Student: 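Before I ask anything, let me first share the structure, which is written out below as structure tokens.
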There are 2 protein chains.
Amino acid sequence: MSLRHALLGALADDPRTGYALLKHFEQSLAYAWPASHSQIYPELARLQDDGLIEQTETGPRGSKTYAITETGLAEIRRWLRETEPDRRVRSEAALRAFFLWVLEPEEAAGQLERERAYWRGVLDELERIQAEPTGEGRKARAFRIALEGGLATVGARLEWLDSAIAELGSPEWAARAPD
Amino acid sequence: MSLRHALLGALADDPRTGYALLKHFEQSLAYAWPASHSQIYPELARLQDDGLIEQTETGPRGSKTYAITETGLAEIRRWLRETEPDRRVRSEAALRAFFLWVLEPEEAAGQLERERAYWRGVLDELERIQAEPTGEGRKARAFRIALEGGLATVGARLEWLDSAIAELGSPEWAARAPD
DNA sequence: GCACACATGTAAGTTGTTACATGATTAC
DNA sequence: GTAATCATGTAACAACTTACATGTGTGC
């Protein structure tokens, strides 16, 4: 039920429309918990049914603004405090690394170079966000902490890719028989 | 269809029983793609139906040993070469960082300390695996590269947790109103 | 007037989780 | 004998993806 709590957390931050939540997911939360509109809208309806959020406004083009309720705030606090985080991480990119030996070294290195280009782009984007001016409250500080987590992870991945590409280019790989 | 290719990759490495694959997932692949027995066994049956793997042996206690076929090997190569990796990463632990401000600073710091303890354990385990002697072929080298990826990621996460915990303990957090 | 971004929703299918279910061998 | 581990499977449910579907305001 992470999506439920992700939405609750985003609305605890500030009342937002469904569409604004969708954009928020695309821009920042996507790095931790990607979600599409077809998941978000029905879940918002369920959260409202359960009294954890309420619709406070109807805007132009049928947009609906939701705000978290007291019950909802209690629920996200309970989730953070009382439930054990599911620490499993799913990453197809990491999975592929295990099977690099299936390809010839040059081809494997080529794949990793594409990965590097992609994650460089992500790092640039995160650094761009980091450079933007922010407030000084706890919310802004927490956001910056989360952002630093993203930067650390992506930075480490890039360093790893550099060394992995170098290793694939070393004579040991090329010289040796497939296994 | 990542599970399918994860199984194919593991069997390309070596023929294995379903149970051995399950253990392999728990021990190494889990860091990239967790999977349970209730997903693995039916998927093996489907892979066999599709001719990508074949059962080569029936062992004690009804265990079944599978080996990859030529078709299966071609399929994993095709997957690695021709399909774009899904680079989305899902991590509840990372998600929770965005909502740290919802808790009081001391409580939030406590949560991060639990995270730190958990990831230290994972780092220890990965370092233990790294210290084990391995072969020198491409498979062993690729495995070590993947392992280094895990070590880099977990190491970066731990460094981030150290700095985040320090920041939550700083006077700015305690002094300031919730927002 | 037309393209684009805004804005929300549903439906079908796939993937993943949790629980149910069963039986065989090994170590004590 | 009994507990633990080995070994495989199914079923119900929840979560997620992709495709379908529709309508509104803004800028050119």
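Naming: A, B, ... by sequence-line order, numbering from 1 per chain. These numbers were taken from a predicted model, which means no experiment stands behind them.
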Student: Which residues satisfy the ring-ring contact (aromatic ring centres under 6.0 Å, His included) test with A:W79, sequence neighbours excluded?
Tutor: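 Only A:H5 meet the ring-ring contact (aromatic ring centres under 6.0 Å, His included) criterion with A:W79.
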
Student: Check side-chain contact (heavy atoms from CB on, under 4.5 Å) between A:S91 and all other residues, then give those that pass, not counting sequence neighbours.
Tutor: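 Checked A:S91 against side-chain contact (heavy atoms from CB on, under 4.5 Å); matches are A:A93, A:A94, A:R157, B:V89.
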
Student: Is there a side chain to side chain contact (heavy atoms under 4.5 Å, CB included) between A:L21 and A:L29 once you walk through the steps?
Tutor: CA-CA 10 Å; A:L21 283 164; A:L29 265 29; over 6 Å; no

Student: Where along residues 36-64 of chain A does a heavy atom fall under 4.0 Å from DNA chain D?
Tutor: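 Heavy-atom contacts with DNA chain D come from A:S36, A:S38, A:Q39, A:R61.
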
Student: Sequence neighbours excluded, which residues qualify as side-chain contact (heavy atoms from CB on, under 4.5 Å) partners of B:P105?
Tutor: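 side-chain contact (heavy atoms from CB on, under 4.5 Å) list for B:P105, sorted by chain: A:R138, B:W173.
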
Student: Does A:R81 have any salt bridge (Lys or Arg N to Asp or Glu O under 4.0 Å) partners at least two apart in sequence or in another chain, and if so, which?
Tutor: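 In terms of salt bridge (Lys or Arg N to Asp or Glu O under 4.0 Å), with neighbours along the sequence ignored, A:R81 is linked to B:E107.
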
Student: Listed by chain and number, what are the side-chain contact (heavy atoms from CB on, under 4.5 Å) partners of B:A74, not counting sequence neighbours?
Tutor: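 With sequence neighbours excluded, B:A74 shows a side-chain contact (heavy atoms from CB on, under 4.5 Å) to no residue whatsoever.
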
Student: Could you identify which residues of residues 85-95 of chain B place a heavy atom less than 4.0 Å from some atom of DNA chain D, listed by residue number, or say none?
Tutor: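 B:R88, B:R90 - these, ordered by number, are the residues of the stretch whose heavy atoms sit under 4.0 Å from the strand.
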
Student: Quick test of your reading of the model: are A:R88 and A:D86 salt-bridged, counting only N-O distances below 4.0 Å?
Tutor: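 Result for this pair is yes, salt bridge flagged.
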
Student: Enumerate the salt bridge (charged side-chain N to carboxylate O under 4.0 Å, His left out) contacts for residues 143-155 of chain A, please, sequence neighbours excluded, ordered by first and then second residue.
Tutor: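 For residues 143-155 of chain A: none.
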
Student: Side chains of residues 158-168 of chain B: which donor-acceptor pairs under 3.5 Å do they make with residues two or more places apart or in other chains?
Tutor:
unit_1 : atom_1 : unit_2 : atom_2 : d
B:W160 : NE1    : A:I145 : O      : 2.8
B:D162 : OD1    : B:R116 : NH1    : 2.8
B:S163 : OG     : B:W160 : O      : 3.0

Student: Please identify each residue that fulfils side-chain contact (heavy atoms from CB on, under 4.5 Å) with B:E125, with sequence neighbours left out.
Tutor: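 Expected list: B:Y31, B:R128, B:I129.
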
Student: Tell me the interatomic distance from B:L7, atom CG, to D:dT8, atom C1', rounded to whole angstroms.
Tutor: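 About 15 Å, once rounded to whole Å.
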
Student: Between the side chains of B:S2 and A:E92, does any donor sit under 3.5 Å from an acceptor?
Tutor: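 On atom types as modelled, these side chains qualify, holding a pair under 3.5 Å.
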
Student: Salt-bridge test for A:R114 and B:E84: reply yes if a basic N is under 4.0 Å from a carboxylate O, no otherwise.
Tutor: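 Yes, charged N to carboxylate O under 4.0 Å.
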
Student: If you walk 5' to 3' along DNA chain C, what is the first nucleotide with an atom under 4.0 Å of a heavy atom in chain A, and what is the last?
Tutor: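 Terminal contacting nucleotides, 5' to 3': C:dA5 to C:dT17.
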
Student: What parts of residues 10-34 of chain A reach DNA chain C, counting only heavy atoms under 4.0 Å away?
Tutor: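 Correct list: A:G18, A:Y19.
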
